[in-house]
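This report concerns only the one structure given below.
Each chain gets a letter, A, B and so on, in the order its sequence line appears, and its residues count up from 1.
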Amino acid sequence: MQEISFKYNIFLTAWGWAGLVAGQEGLRILVLPEERKEDVLVKIKKELKYNNLIEEKGGWEDLIKDIKEYFTGKKVDFSNWQLDLNEYTDFQKSILQIVKKIPYGKIQTYKKVAEAANYPKAYRAVGNTMAHNPIPLIIPCHRVIGSNGKLVGFSASGGIVLKQKMLDLESEIQAK
DNA sequence: GTAAGACATATTG
DNA sequence: CAATATGTCTTAC
């Protein structure tokens, strides 16, 4: 019986407890700030579908530092981090990689993301992919909004409110 | 200009 | 087949 295990980290940011899980080939899961540390772990387990988790610190201190700085209002670029997307379909990989390229403070629509991925009419499916986005923030799904300029669903615990807060954080910095 | 409803549309499980 | 973190159009305020 081969046991698969992943190492995870849970840390405190200015907005609450956040967590991440790393696999062999890169970052696997990232959890947005929750009020309670316990909720972060629950979320990780729910996403992973494995219970063999090891709390291990190593190799990801830089990312944790960047995330903490992000929530304190500093402009941070996450686009260089390696992601592990092996368990996702080609379509999802395409979408995630395109969304990942959206720069800090910039906003895209679901439709434009679909077009950029060469699936001009798959905007609905883009939303579907975002709903299962395992790595928010690094894949800035909060920067993807509806074509009419309004914010739509956000499945993280904070919902639309959290999405709005993150956009406010970024727009303020860009305005300065 | 806003809000609600219907329908088209692609991908996933 | 059903579900969906959309888009567009049509109505009616």
Side-chain angles (χ1 to χ4, degrees), chain A residues 4 6 13-21 23 25-36 39-52 63 67 70-71 75-79 81 83-174:
Chain A
I4 304 174
F6 298 97
T13 73
W15 287 15
W17 294 94
L20 63 84
V21 180
E25 305 194 9
L27 190 61
R28 193 139 182 142
I29 293 174
L30 189 140
V31 179
L32 259 29
E34 298 273 355
E35 289 187 7
R36 293 185 303 174
D39 293 333
V40 177
L41 188 54
V42 170
K43 256 191 162 181
I44 289 176
K45 287 183 177 176
K46 191 176 179 181
E47 288 282 341
L48 250 189
K49 299 169 185 170
Y50 294 104
N51 284 326
N52 298 337
L63 176 57
I67 294 173
Y70 173 86
F71 287 112
K75 181 176 179 178
V76 182
D77 178 21
F78 294 111
S79 61
W81 292 98
L83 307 183
D84 183 0
L85 302 176
N86 286 330
E87 290 192 353
Y88 301 92
T89 65
D90 289 340
F91 175 78
Q92 288 172 324
K93 286 180 192 170
S94 304
I95 298 302
L96 294 175
Q97 281 165 12
I98 286 177
V99 174
K100 186 172 160 230
K101 291 179 182 173
I102 303 175
Y104 190 101
K106 193 172 181 182
I107 285 175
Q108 282 292 305
T109 65
Y110 292 93
K111 186 178 181 182
K112 284 187 176 180
V113 171
E115 287 173 350
N118 222 338
Y119 294 80
K121 297 178 181 176
Y123 35 76
R124 193 83 192 258
V126 171
N128 221 326
T129 301
M130 294 295 100
H132 302 307
N133 177 16
I135 316 174
L137 188 59
I138 311 298
I139 297 171
C141 51
H142 58 282
R143 298 184 192 135
V144 183
I145 64 175
S147 283
N148 53 9
K150 288 183 179 178
L151 271 63
V152 284
F154 198 61
S155 60
S157 59
I160 305 287
V161 179
L162 179 60
K163 188 171 180 175
Q164 183 70 63
K165 278 178 67 180
M166 292 168 77
L167 292 176
D168 287 345
L169 184 69
E170 298 186 2
S171 63
E172 282 179 13
I173 292 178
Q174 187 154 274

Which donor-acceptor pairs under 3.5 Å do the side chains of residues 128-136 of chain A make with protein atoms, sequence neighbours left out?
unit_1: A:T129; atom_1: OG1; unit_2: A:A125; atom_2: O; d: 3.1
unit_1: A:N133; atom_1: OD1; unit_2: A:I135; atom_2: N; d: 2.9
unit_1: A:N133; atom_1: ND2; unit_2: A:I139; atom_2: O; d: 3.4

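- With a 3.5 Å limit on both pairing distances and Watson-Crick or G-U wobble geometry required, the stems of 3 or more pairs in DNA chain C span B:1-8 with C:6-13, B:10-13 with C:1-4.
- Across residues 136-160 of chain A, A:K150 each have a non-hydrogen atom less than 4.0 Å from an atom of DNA chain B (numbered order).
- Between A:H142 atom NE2 and A:M166 atom CE the span is 4.0 Å, to the nearest 0.5 Å.
- For the side-chain hydrogen bond (donor to acceptor under 3.5 Å, both in side chains) test, no residue two or more places apart in sequence or in another chain qualifies with A:D90.
- Annotation: A:Q164, atom CD; neighbour count of heavy atoms from other residues, nucleotides and ligands within 6.0 Å is above 12.
- Under the 30°/60° scheme for interplanar angles, the aromatic rings of A:Y70 and A:Y104 are found to stand perpendicular.
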**Report entry** Candidate pair A:K165 and A:W15, rule side-chain contact (heavy atoms from CB on, under 4.5 Å), full reasoning
**Finding:** CA-CA 10 Å; A:K165 278 178 67 180; A:W15 287 15; 3.8 Å; yes
Report task. Go along nucleotides 8-13 of chain B 5' to 3' and tag each nucleotide: B for a protein heavy atom under 4.0 Å from its base, S when only backbone or sugar atoms are that close, - otherwise. Result -> BBBBS-
For residues 143-157 of chain A, which side-chain N or O atoms pair as donor and acceptor with protein atoms under 3.5 Å away, sequence neighbours left out?
unit_1: A:R143; atom_1: NE; unit_2: A:E170; atom_2: OE1; d: 2.9
unit_1: A:R143; atom_1: NE; unit_2: A:E170; atom_2: OE2; d: 3.2
unit_1: A:R143; atom_1: NH1; unit_2: A:I102; atom_2: O; d: 2.9
unit_1: A:R143; atom_1: NH2; unit_2: A:E170; atom_2: OE2; d: 3.0
unit_1: A:N148; atom_1: OD1; unit_2: A:K150; atom_2: N; d: 3.1
unit_1: A:S157; atom_1: OG; unit_2: A:E34; atom_2: OE1; d: 3.2
unit_1: A:S157; atom_1: OG; unit_2: A:E34; atom_2: OE2; d: 3.1

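- Remark: the backbone N or O of A:T89 is paired with a side-chain donor or acceptor of A:Q92 at under 3.5 angstrom.
- Here the straight-line distance linking atom NZ of A:K106 with atom NZ of A:K101 works out to 12.5 Å at 0.5 Å rounding.
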